[in-house]
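In what follows, chains are A, B, ... by sequence order, proteins preceding strands, each numbered from 1.
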Amino acid sequence: MKYDFTAIEKKWQKYWEEHKTYAAENGGDKPKFYGLIEFPYPSGEGLHVGHPRPYTALDIVTRKRRMQGYNVLFPIGYDAFGLPTERYAIKNHMRPEDVTRRNVKRFTQQLKMLGYGFDWDRCVVTTDPEYYRWTQWIFLQMFKKGLAYKTSMPVNWCTDCKIVLANEEVVNGVCERCGGQVVKKEKSQWMLAITKYAQRLLDDLDTVDYIERVKTQQRNWIGRSTGAEVDFGTTAGDKLTVYTTRCDTLFGATYMVVAPEHAIVEKWLRDGRITNPDQVRAYQQEAARKSDFERTELEKEKTGVEVLGVRAINPVTGGEIPIFLSDYVLASYGTGAIMAVPGHDQRDWDFAKAFGLPIVEVVQGGDVTQQAYTDCDTGVMINSGFLNGLPVEQAIPTMIRWLTEKGLGREKVNFKLRDWVFSRQRYWGEPIPIIHCPRCGWVPMDEKDLPLRLPDVESYEPTDTGESPLAAMEDWVKCTCPKCGGPAEHETDTMPNWAGSSWYFLRYMDPHNDQAPVGKEAADYWGQVDWYNGGMEHTTLHLLYSRFWHKFLYDIGVVPTSEPYHKRTSHGMILGAGGEKMSKSRGNVINPNDIVDMYGADTLRLYIRFIGDFEKAAPWSDEAVKGCKRFLDRVWNLAETPLTGDACSAENEKEVHRAIQKVSRDIEEMKFNTAIAALMALVNRFYASRPSRGDIRILLQLLSPFAPHIAEELWQIQGFEGLACQSAWPEFDESKTLDAEKTIAVQVNGKLRSTVVVPADSGEEAMKQAAFADRKIAGYMEGMDVVKVIAVKDKLVNIILKPKK
RNA sequence: GCCGGUGUGGCGGAACUGGCAGACGCACGGGACUUAAAAUCCCGGGACCGUAUCGUCGUGCGGGUUCGAGCCCCGCCACCGGCACCA
């Protein structure tokens, strides 16, 4: 009989679905294991071969865990709010929920086609009102704790999408999604105070098991630095505070720079302090017009304008120094103002050169007439009054102490992380459950009125003004104030698509709870996600956001752990055949349906694992897929006819136990490619040395996580009890994996010259004797003196020779 | 520029963390089966020289440590990802 993968896969998928083979239980005696993959955005294009890479990986891990006796939760859902759906809906005059429903259906079919062991009863969709009701609820709790606030601020405005973007969504100064130009625009926005959690988000990275590059990237993103705030006096009487990590160089501060947007400039302009207001205003306007992209592109050249009429006073020297406006100083970091130390900061040096400002050396070691001496963490202070002669590492605390005592400064920690812009002027997102009352201000909705549903409209258009489409839907907007009962309006902004994905893993634990986002019992039972795999591109977005939300939920007692994920791994991309990114425009996208039609889901699953190192990018190859199909054909041919001998055969015992060892270990380390290589080698062995029924039983068990359909079918054909995927994962006996004899290398002066066979665990003497007894080696020894012999057990003997005198 | 990663046959990739480089697979070559082809099964492939043995060279480049380096150290180059005037 031929290997009819289509029939077999359909048959078992139907069986699993009917029998709820992969359903998780909230409770029981078994140890729990929660494996998670990032739920997909149900795009109109459907699944592409990139999706199965992480999915299959954790499918394999969780299938193995099930066989090892765990109560496994391996859920799936859809992150369905978002711009592509909204755009598609507008373009085709459809309702976004209908587009979503259709896409979800298609994705579901495709995922089922690949035979994943998802617990489909726990499927969640973020656009489901019963789901986003709790997204809104969490937002309300944040609002009540002061973590959600509304503020007017310069935001990133995509001129194409006509939408406000989070900093994280701006890539190289252009919109991450559409590549459109991004400019600054003043707007009132809802914000989430993620910065209040910055320190904890940083510290708790030490408590989790994430791959190192994820931790590093998050640390850099959070960007903690320790320094000091220093107050400079001004001739206008105002205080101008700066942040610096190098307060030891204060004596070298020869001028100051403030960001063009800095509030103090407005004040001085208003007070008529500035004698060149036109110049200053012109520079401010120029800076505002520039997008971030332009600002950073002009990296080389420093521009700026001096603020005439006001001067700053260096608190240590008492000397007056000029104040400049320049856009190389960012309003959003530190205090929006810096003290410029051109001797020891290259940007300040460039600026000082351009404007002819004095450059003072305060740390010895460089030549500040040529360039800034920035590599000066270990130098000695000079030209610095009471700091003279001190090494930098002592000068910093000395200065901080001095500043603190005089009330002129203080130690200060800063973060690069900024608060999260949480408003979107879009229809297809969770409505923000806040009501604006002319009398009471921003008032949270009553929790019992959740969910605040999106209005059901046939069609709508986006606005050009930056207002949400919801603003045009008067019936929906008008409401009564929950506080005073007077007429009020709903907030018309919606949440960004990161909202729903910030807590979805909790909903899986208790998907039908209508009292809470997740019940206490369920949250206590499942605890942390044991293993979460996802893309590197989410490291500073989704992964950080969801850690933040989880910590908040921990603080208000909803969840029992302060970190959501115990272990985080990340997969490499699947590239097109030429090594380029797969994309519609390049026309190199592989549709998994085509592969499944041609070779079957099991082959696709195998190939996507065998393609290379899980963590690295790997190019797709149509040719190489065949190798995996061929392998399954060979397995089929071995096992489709009845076999005898229920025990593991003596001839194959060693290979079988080695395969168990190798596959077991490799799955844990996500080295799926070598696990499959081991299975292939085992099958090759079985072609040379006929396997017993017992041998095949183990092969099928090892194969089951990778290629569950064929494994199940052959399991049934061989008449084994139950299901392969529910059988107990085979154990290996280490003693059976060992060789009785070892072939060891014999080197002469480090070069391989021969090999000899010795009993395993031979002592050094025995190995040396065997080496010297070798005919080839004897040839090398003629006329030579033995200087030294190195023997490494079970590996090699290296004989060092030199010519006889 | 900074941070992280990678560099091994014609190709995808292995190498237990310093011990026989190239597992497994693709492609290729040879053989068996077949009227023939496909499929399947068996065998062979790092390069160079040779019938073969032997030998020499070989893990991006240049040095170093070591009995021994793909792996460790120093200095470069290239590519990929992230951040980017962060004071």
Side-chain angles (χ1 to χ4, degrees), chain A residues 2 171-173 211-217 219-221 223 225 227 242-247 249 257 292 295-296 298-300 302 326-330 332-341 344-348 350-351 414-418 536-537 539-540 572-573 575 579 581 606-607 610-613 615-628 630-631 633-634 637 661-662 665 671 673-681 683-684 687-688 743-755 776 779 787-801:
Chain A
K2 210 173 164 301
V171 176
N172 289 330
I211 52 171
E212 210 46 46
R213 57 201 167 111
V214 168
K215 287 191 183 185
T216 311
Q217 218 166 293
R219 284 192 190 108
N220 291 345
W221 188 263
S225 67
V242 301
Y243 173 73
T244 175
T245 54
R246 293 297 304 273
C247 62
T249 63
V257 187
D292 272 2
R295 268 199 187 189
T296 54
L298 300 169
E299 200 176 312
K300 297 285 174 290
K302 295 272 178 288
S326 178
D327 62 10
Y328 85 87
V329 171
L330 309 174
S332 52
Y333 184 75
T335 64
I338 62 157
M339 61 177 207
V341 184
H344 304 281
D345 182 291
Q346 193 57 44
R347 296 155 302 176
D348 296 345
D350 293 340
F351 190 88
N414 249 322
F415 295 94
K416 289 185 194 172
L417 185 70
R418 323 235 183 104
M536 281 307 287
E537 70 275 19
T539 302
T540 53
M573 249 193 299
L575 304 171
K581 223 171 145 166
L606 267 183
Y607 176 60
F610 190 60
I611 194 165
D613 187 330
E615 292 201 347
K616 291 183 201 146
W620 179 268
S621 161
D622 280 328
E623 287 303 305
V625 186
K626 291 179 192 162
C628 290
R630 206 169 286 163
F631 165 66
D633 283 333
R634 282 163 71 81
N637 292 336
Q661 184 182 35
K662 177 86 179 143
R665 197 176 54 208
K671 291 161 87 173
N673 52 341
T674 50
I676 292 168
L679 289 172
M680 287 172 168
V683 167
N684 290 346
Y687 270 71
T743 303
I744 64 166
V746 184
Q747 297 179 335
V748 176
N749 292 335
K751 287 197 177 192
L752 178 71
R753 294 304 183 190
S754 184
T755 57
K776 281 190 215 153
V787 179
K788 193 175 172 186
V789 181
I790 292 134
V792 181
K793 195 191 240 177
D794 291 344
K795 297 271 195 228
L796 57 61
V797 174
N798 189 5
I799 304 166
I800 313 305
L801 298 176

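Side-chain nitrogen and oxygen atoms of A/N673 include at least one within less than 4.0 Å of the OP1 or OP2 phosphate oxygen of B/A14. Listed pair A/S326 / B/C85 fails the phosphate criterion, with no side-chain N or O lying under 4.0 Å from OP1 or OP2. In this model, the phosphate group of B/C20 is not approached by any side-chain N or O of A/N798 to a distance below 4.0 Å at OP1 or OP2.
Which of B/A15, B/G25, B/C85 sits closest to the side chain of A/F610 comes down to B/G25. Proximity note for A/I338 (side chain, C-beta onward) versus B/A87, B/G7, B/A23: the nearest is B/A87. Comparing B/G7, B/G19, B/C24 by their closest approach to the side chain of A/I790 singles out B/G19. In this structure, the nucleotide among B/C24, B/A15, B/C20 sitting nearest to the side chain of A/A745 is B/C20.
Between B/G4 and B/A21, the distance separating the two P atoms is 33 Å to the nearest Å. Spacing between B/A27 and B/C80 at atom C1', rounded to whole Å, works out to 26 Å. B/G46 and B/A14 are spaced 15 Å apart, taking the C1' atom of each and rounding to whole Å.
Backbone-only engagement by A/K671 is indicated by non-hydrogen atom pairs under 4.0 Å involving sugar-phosphate atoms exclusively. Contact annotation for A/T743: base contact, defined as any heavy-atom pair under 4.0 Å involving a base atom. Across all strands shown, A/I800 has heavy atoms under 4.0 Å from sugar-phosphate atoms exclusively, and none from any base. The residue A/Y687 sits close only to the backbone: its heavy atoms come under 4.0 Å of sugar-phosphate atoms, none of a base. The residue A/M536 sits apart from the nucleic acid: no heavy atom pair falls under 4.0 Å. Using a 4.0 Å heavy-atom cutoff across all strands shown, A/I611 reaches sugar-phosphate atoms only and no base atom. Nucleic acid contact class of A/D633 (heavy atoms, under 4.0 Å, all strands): none. A/R630 comes within contact range of the sugar-phosphate backbone alone, with a heavy-atom separation under 4.0 Å but no base atom that close. Backbone-only engagement by A/T245 is indicated by non-hydrogen atom pairs under 4.0 Å involving sugar-phosphate atoms exclusively. Heavy atoms of A/D348 sit nowhere under 4.0 angstrom from any nucleic acid atom. Contacts of A/Q747 with the nucleic acid, taken as non-hydrogen atoms under 4.0 Å apart, include base atoms.
Across every non-hydrogen atom of A/V683 and A/R634, the tightest pair is CG1-CB, 4.0 Å. Between A/L330 and A/D327, the shortest heavy-atom distance links the atoms CD2-O, 4.4 Å. Across every non-hydrogen atom of A/C247 and A/M339, the tightest pair is CA-CE, 4.3 Å. Across all non-hydrogen atoms, the minimal contact from A/V789 to A/V797 is CG1-CG1, 3.7 Å. In plain terms, the two heavy atoms of A/T755 and A/T743 that are nearest each other are CB-CG2, 3.8 Å.
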Write out a two-atom table: protein N or O, nucleotide N or O from nucleotides 54-58 of chain B, distance below 3.5 Å.
{"from": "B/G55", "atom 1": "OP1", "to": "A/R753", "atom 2": "NH1", "distance (Å)": "3.4"}
{"from": "B/G55", "atom 1": "OP1", "to": "A/Y780", "atom 2": "OH", "distance (Å)": "2.3"}
{"from": "B/U56", "atom 1": "OP2", "to": "A/R753", "atom 2": "NH1", "distance (Å)": "3.3"}
{"from": "B/C57", "atom 1": "OP2", "to": "A/K751", "atom 2": "NZ", "distance (Å)": "3.3"}

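Glycosidic conformation of B/G22 is anti; the angle lies outside 90° of 0. Applying the 90° cutoff around 0 to the glycosidic angle, B/G45 is assigned syn. With a glycosidic angle more than 90° from 0, B/U8 adopts the anti conformation.
Applying side-chain contact (heavy atoms from CB on, under 4.5 Å) to A/F610 and the options A/T674, A/L679, A/I676, A/V625 leaves one that passes, A/I676.
The interatomic distance linking A/K581 (NZ) with B/G82 (C1') rounds to 13 Å, in whole Å. Atom CG in A/N220 sits about 12 Å away from atom P in B/G5, given to the nearest Å. The CD atom of A/E615 sits 9 Å away from the P atom of B/U6 (whole-angstrom rounding). Whole-Å rounding puts the A/R213 CZ to B/C83 C1' distance at 16 Å.
B/G7 is paired with B/C77 under the criterion used here, namely a Watson-Crick or G-U wobble arrangement in which both key atom distances are under 3.5 Å. B/G44 is paired with B/C28 under the Watson-Crick or G-U wobble criterion, all donor-acceptor distances under 3.5 Å. The partner of B/U51 is absent, by the rule that a Watson-Crick or G-U pair needs both atom distances under 3.5 Å.
Atom NZ of A/K795 and atom CD of A/Q747 lie 12.5 Å apart (nearest 0.5 Å). Between atom NZ of residue A/K626 and atom OG of residue A/S621 there is a gap of 9.0 Å, rounded to the nearest 0.5 Å.
Of the two residues near RNA chain B, A/R634 and A/A678, the one whose nearest nucleotide lies more 5' is A/A678. Both A/P619 and A/A677 lie close to RNA chain B; mapped to their nearest nucleotides by heavy-atom distance, the more 5′-ward contact belongs to A/P619.
In this model, a side-chain donor or acceptor of A/K302 finds a partner on the base of B/C85 within 3.5 Å.
Using modelled atom types, no side-chain atom of A/Y607 and backbone atom of A/W620 make a donor-acceptor pair closer than 3.5 Å.
A cation-pi geometry, defined here as NZ or CZ lying under 6.0 Å from the six-membered ring centre and within 45° of its normal, does not hold between A/K302 and A/F351.
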